Number of protein chains: 2
Amino acid sequence: MSEQSETLEKRFMKGFEEAIPDKGTRQILLNAIEVFAKKGLAGTKIKDIAAKAGFSQGFVYNYFKSKDDIFIKIVDLAADGAGNSVQYAAEMQGTPYEKIYWLTEAFLCPDSIAMQHWRLIMLQATTSEAIPEEAVKISKEKIKKPFEHLIPIIIEGQKSGEFVDADAMTLAVTYFSIIQGLGITRMQYGKNIPFPTTDMVLSFLRKNPSM
Amino acid sequence: MSEQSETLEKRFMKGFEEAIPDKGTRQILLNAIEVFAKKGLAGTKIKDIAAKAGFSQGFVYNYFKSKDDIFIKIVDLAADGAGNSVQYAAEMQGTPYEKIYWLTEAFLCPDSIAMQHWRLIMLQATTSEAIPEEAVKISKEKIKKPFEHLIPIIIEGQKSGEFVDADAMTLAVTYFSIIQGLGITRMQYGKNIPFPTTDMVLSFLRKNPSM
DNA sequence: GTCTATATATTGATAGAC
DNA sequence: GTCTATCAATATATAGAC
């Protein structure tokens with residue numbers, strides 16, 4: 001499991017470095033992700049980000065023209081990351097269940113703190129009203145991609161008889177909702193809380209769950 | 001379903017009126033709940049709350065001594081509300097599955113916008129670092145009650161053979177995580193998104209799901 | 001009771017020093 | 001390149017007017 005989710009982490013970081021060539025910009029973004037996730041957009045002060053990145057407050061403005069700008073960029077990257085993860089799973093070798101199993105473990109891996117941070121930021125972008133319009137627009141647009149890649153996997157599993165015959169979109173919504181909820185629980189209570197097995201998480205999807 | 005969840009709503013409001021006898025204080029709190037849920041603590045300005053409640057900005061300070069104070073009070077009420085809901089389900093007549101079925105419908109009822117607002121505020125209280133210490137303390141303390149009331153239901157269902165034989169605490173964590181995730185999805189996409197049936201939501205819990 | 005006006009503090013963003 | 005100093009804007013909380 002850890003080997004596989006390292007692959008996903010690496011994939012994330014590789015895409016990140018390609019999208020953001022400049023090292024200083026990356027340094028600010030990486031630190032801003034964590035602060036935004038923990039304090040929210042309005043609760044985050046430029047000083048917090050700067051301090052965490054090891055810069056002075058004013059220096060941040062050499063890289064970004066505003067706090068909103070940093071946030072929008074992160075929402076953009078996070079939305080891409082979610083879509084790419086599912087696409088990666090869709091293109092794997094294996095049965096539909098194996099693909100979703102792998103994806104689930106990658107999403108919920110307790111060592112992928114970064115993944116939970118991305119998700120909390122996407123959560124703000126989709127539930128908060130105190131968010132720049134462009135961030136809302138981006139997240140609405142890019143949220144489609146995970147669904148577009150997950151639904152074919154679900155349909156394939158239904159054809160092979162592995163998965164229940166409910167509406168595929170409903171199952172996809174359910175899947176991402178459950179992932180979201182469990183991811184938040186991970187953030188709240190950390191590593192050592194009783195946590196369901198991946199098989200248990202996915203039992204809503206399977207015709208004959210093995211448990 | 002709607003009849004039953006009205007009961008839960010009524011229960012919420014009744015407890016609320018008992019806890020907050022003063023009408024003006026309630027008026028501010030009820031409006032603050034919605035604004036805090038949508039904008040977060042830091043993103044909410046006293047002016048927003050005052051405007052929504054139909055007061056001037058300064059007038060709010062006749063009822064509360066600070067913004068943090070309002071937030072802390074709401075966290076306290078929300079945490080109680082969650083615990084009371086599960087307690088109410090535990091004390092119902094019926095099989096364990098019927099109790100959890102009813103609770104799930106009450107939690108996820110698309111007309112209970114208030115319920116989703118409480119949950120978003122509890123989410124802030126448990127994931128954000130930009131939150132008054134007392135709110136954190138209260139939520140940590142009161143989060144135990146829902147578990148204390150849910151676990152006996154689960155164990156009862158396991159004894160009767162309705163539920164799977166996994167660790168009861170793990171099942172409870174899974175249950176609340178799923179509720180949390182689905183509740184957020186409801187907030188994000190509203191009423192008209194494809195949504196799982198309650199039976200589907202609870203299939204992780206049942207030995208022989210009927211679907 | 002409720003509002004208006006204001007003092008005080010915080011912070012986002014700029015510009016100039018080193 | 002990076003920081004310090006500062007301006008301008010916004011918000012909290014208070015206090016006094018009606």
Side-chain angles (χ1 to χ4, degrees), chain A residues 17 20-76 121 124-125 128-136, chain B residues 17 20-76 121 124-125 128-136:
Chain A
E17 282 174 27
I20 313 292
D22 180 69
K23 195 185 162 187
T25 310
R26 279 207 303 274
Q27 192 176 346
I28 290 173
L29 283 174
L30 281 174
N31 287 285
I33 288 167
E34 194 176 332
V35 185
F36 279 136
K38 289 181 179 166
K39 301 196 176 183
L41 173 59
T44 296
K45 313 304 165 196
I46 294 287
K47 203 180 153 188
D48 299 331
I49 298 173
K52 210 167 183 331
F55 294 131
S56 70
Q57 189 255 8
F59 188 54
V60 172
Y61 290 91
N62 279 337
Y63 293 91
F64 293 92
K65 80 170 212 294
S66 71
K67 190 171 76 165
D68 278 7
D69 235 49
I70 304 177
F71 190 80
I72 291 168
K73 190 72 205 163
I74 289 175
V75 167
D76 195 28
I121 289 173
Q124 294 172 43
S128 175
E129 285 180 1
I131 292 287
E133 245 181 88
E134 200 182 336
V136 175
Chain B
E17 282 173 27
I20 314 292
D22 181 69
K23 195 186 160 185
T25 309
R26 279 206 304 274
Q27 191 175 347
I28 289 172
L29 283 173
L30 282 174
N31 287 285
I33 288 166
E34 194 177 330
V35 184
F36 279 137
K38 289 182 180 168
K39 300 195 177 184
L41 172 59
T44 296
K45 312 306 166 194
I46 294 287
K47 204 179 151 189
D48 299 332
I49 297 173
K52 211 168 180 336
F55 293 132
S56 71
Q57 188 255 7
F59 189 55
V60 173
Y61 290 91
N62 278 338
Y63 294 91
F64 294 92
K65 80 170 213 295
S66 70
K67 190 171 75 166
D68 278 7
D69 236 48
I70 305 177
F71 190 81
I72 290 167
K73 190 72 204 163
I74 288 176
V75 167
D76 194 27
I121 289 173
Q124 292 172 44
S128 176
E129 284 179 2
I131 292 287
E133 245 182 87
E134 201 182 335
V136 175

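Letters A, B, ... mirror the listed sequences (proteins, then strands); counts begin at 1. None of these values were measured; they are calculated from a predicted model.
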Does the A:N31 side chain pair with the main chain of A:I28, one donor and one acceptor, at a distance under 3.5 Å?
no
Close side-chain approach of B:F55 and B:Q27, heavy atoms under 4.5 Å
yes
Rounded to whole Å, the OH-P distance (B:Y63 to D:dT14) equals 17 Å
When the distance from CD1 of A:I46 to P of D:dT6 is rounded to whole Å, what number comes out?
21 Å
Given D:dA13, C:dG12, C:dT4, identify the nucleotide with an atom nearest to the side chain of B:S56.
C:dT4
Of the listed nucleotides (C:dC3, D:dC3, D:dA13), which one gets closest to any side-chain atom of B:F55?
C:dC3
Separation of atom CG in A:D68 from atom P in D:dT10, rounded to whole Å
13 Å
B:K23 NZ - C:dG1 C1' separation (whole Å):
14 Å
Between A:G58 and A:K45, which residue's closest nucleotide on DNA chain C lies nearer the 5′ terminus?
A:K45
Given C:dG12, C:dT2, D:dA13, which nucleotide is nearest the side-chain atoms of B:K67?
D:dA13
CG of A:D48 versus P of C:dT10: gap in Å, rounded?
14 Å
The nucleotide from C:dG12, D:dT2, D:dA11 with an atom nearest the side chain of A:N62 is D:dT2
Does CD belonging to A:E134 count more than 12 external heavy atoms closer than 6.0 Å?
no
Any side-chain N or O of B:Y61 below 4.0 angstrom from OP1/OP2 of D:dT14?
no
Report yes if the side chains of B:D68 and B:I131 come closer than 4.5 Å at any heavy-atom pair, otherwise no.
no
If I take atom CZ in residue B:F59 and atom P in nucleotide C:dG1, what distance separates them, rounded to the nearest angstrom?
9 Å
Atom pair distance, as rounded to whole Å: NZ in B:K65 and P in D:dT14
9 Å
What is the distance, to the nearest angstrom, from the NZ atom on A:K47 to the C1' atom on C:dA9?
13 Å
Return the nearest nucleotide to the side chain of A:Q57; candidates are C:dA5, C:dG12, C:dC3.
C:dG12
Tell me, do B:I70 and B:T44 make a side-chain contact under 4.5 Å, heavy atoms counted?
no
